[in-house]
Each structure stands twice: as C-alpha cells, then as structure tokens.
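The structure appears below as structure tokens.
Remember, it's 1-based here, ligands and their atoms both numbered in the order they're listed. As the structure is a computational prediction, the values presented were derived from the model and not from experiment. If you read the sequence from its start, that first residue is 1, and numbering goes on from there.
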Amino acid sequence: MNKEQLVESARKMKNRAYVPYSKFPVGAALLLKDGTVINGVNVENVSFGATNCAERTAIFTAIANGYKKGDFQAIAVSGDTMDFLPPCSICRQVLAEFCLPDMPVYLTNEKKDILEITLRELLPYAFTDLEM
Ligand code: THU
C-alpha cells in the first residue's frame, strides 16, 4: 500500500464519522507493518469532552486487535479542510506512546495534496517514559 492509497482510505472513512455537533468529519487510516489497514473516525458526544478523534479511534482499535508498540508503519489523516489537517495534541501524545519517532504521518487537504512529515516533526521533545 502506497501513501496515496492510505490517504484515500482515510478520505473514504469520513462519511462514517459521527459529528452531529462540529459537522467536522475526520478519517484516519493506520498502516500496520503486516500490511493491515485499520481505520478510525471521530466520534462525538453531547458531552463534548467525551469526543474521540479519528486518529485515536484507529490506534485504540489496533491495540484492541492485538497490535503492539512498534507494529505501526504510517498513518494518514483526512478532513475537508483547505489546509493540511494535523492530529490534535492529545492524538500526537497517543501516537508517541505506540509509534516510533521516524514513522511517516501523511496529512492531506480538500485538494488531495499530501504533506509527509514524521511523528518527531509533529511532536518534537515528546514526553515518553524517561528514566529516573
Ligand atoms: N478531530 C479529529 O478527529 N482529529 C484531529 O486531528 C482534529 C480534530 C475531531 C474532533 C472533533 O470531533 C472535530 O474534529 C472538531 O474538533
């Protein structure tokens, strides 16, 4: 699976997003090292803070399916935005928990341009399990 296909997978997911409050659908596609793709969408709640972003939905689904830290190859995120849609800060921290700093993150926009960056670029100086 190439990055265009992964981005397309994220894009297609958006119609499954549950976004009655923000009307801001987001789709994510997570590529595992074994070639599996696990998708996620944002799932909102009337108690807004209970909302789960698309990226976290994908990561948590992968963990629930038995995948482990280090099994992740890339993630693509898609929204209907003019600018590239980056993961929120909570999702960056969750990505840092399970994915290596060099992992590619593919951001896209409504024009289908793709910006490829690494998790390290997205979250420099990430808080991890530092030694004491
Ligand atoms: N959202 C995501 O799903 N991923 C992001 O990277 C940014 C924000 C969702 C949360 C909420 O449902 C909506 O987008 C508006 O913030």
request  = Any atoms of ligand 1 less than 4.0 Å from a non-hydrogen atom of Ala54? List them with their elements.
outcome  = 2 (C), 3 (O)

ask   = Short list, please: which atoms of ligand 1 are under 4.0 Å from a heavy atom of Ser22?
value =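 Those atoms are 13 (C), 15 (C).
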
ask   = Of all the non-hydrogen atoms in the protein, which one sits nearest to atom 9 (C) of ligand 1, and at what distance?
value = Asn42 ND2, 3.3 Å

query = Among protein heavy atoms, which lies nearest atom 8 (C) of ligand 1, and at what distance?
reply =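 Result for atom 8 (C) of ligand 1: Cys53 SG, 4.0 Å.
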
For ligand 1, which is the ligand I care about here, please tell me if [X] has any N or O atom under 3.5 Å from one of the ligand's N or O atoms.
| X | answer |
| --- | --- |
| Val26 | no |
| Leu85 | no |
| Glu55 | yes |
| Glu44 | yes |

Decide whether [X] and [Y] meet the rule of one side-chain donor and one side-chain acceptor closer than 3.5 Å.
| X | Y | value |
| --- | --- | --- |
| Asp102 | Thr118 | no |
| Tyr106 | Ser78 | no |
| Asn45 | Tyr18 | no |
| Ser9 | Asn39 | yes |
| Glu110 | Thr81 | no |

task = May I ask whether Pro86 has any heavy atom positioned less than 4.0 angstrom from an atom of ligand 1?
result =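 Yes; Pro86 lies near enough to ligand 1 that a heavy-atom distance drops under 4.0 Å.
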
inquiry  = Just to check, does Thr51 reach to within less than 4.0 Å of ligand 1 when the distance is taken from its heavy atoms?
reply    = yes

ask   = Where does Cys91 meet ligand 1, judged by heavy-atom distances below 4.0 Å: at the side chain, the backbone, both, or neither?
value = neither

ask   = Can you get from Ile59 to Leu107 by hopping between Ile, Leu, Val, Met, Phe, Trp and Tyr side chains that sit under 4.5 Å apart?
value = yes

ask   = Under 4.0 Å from atom 16 (O) of ligand 1, is there any protein heavy atom?
value = no

ask   = Given Asp80, which of Lys14, Lys23, Lys112 fulfils the salt bridge (charged side-chain N to carboxylate O under 4.0 Å, His left out) condition?
value =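 Of Lys14, Lys23, Lys112, salt bridge (charged side-chain N to carboxylate O under 4.0 Å, His left out) with Asp80 is met by Lys14 alone.
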
message = Would you say the ring centers of Phe48 and Tyr21 fall short of 6.0 Å from each other?
response = yes

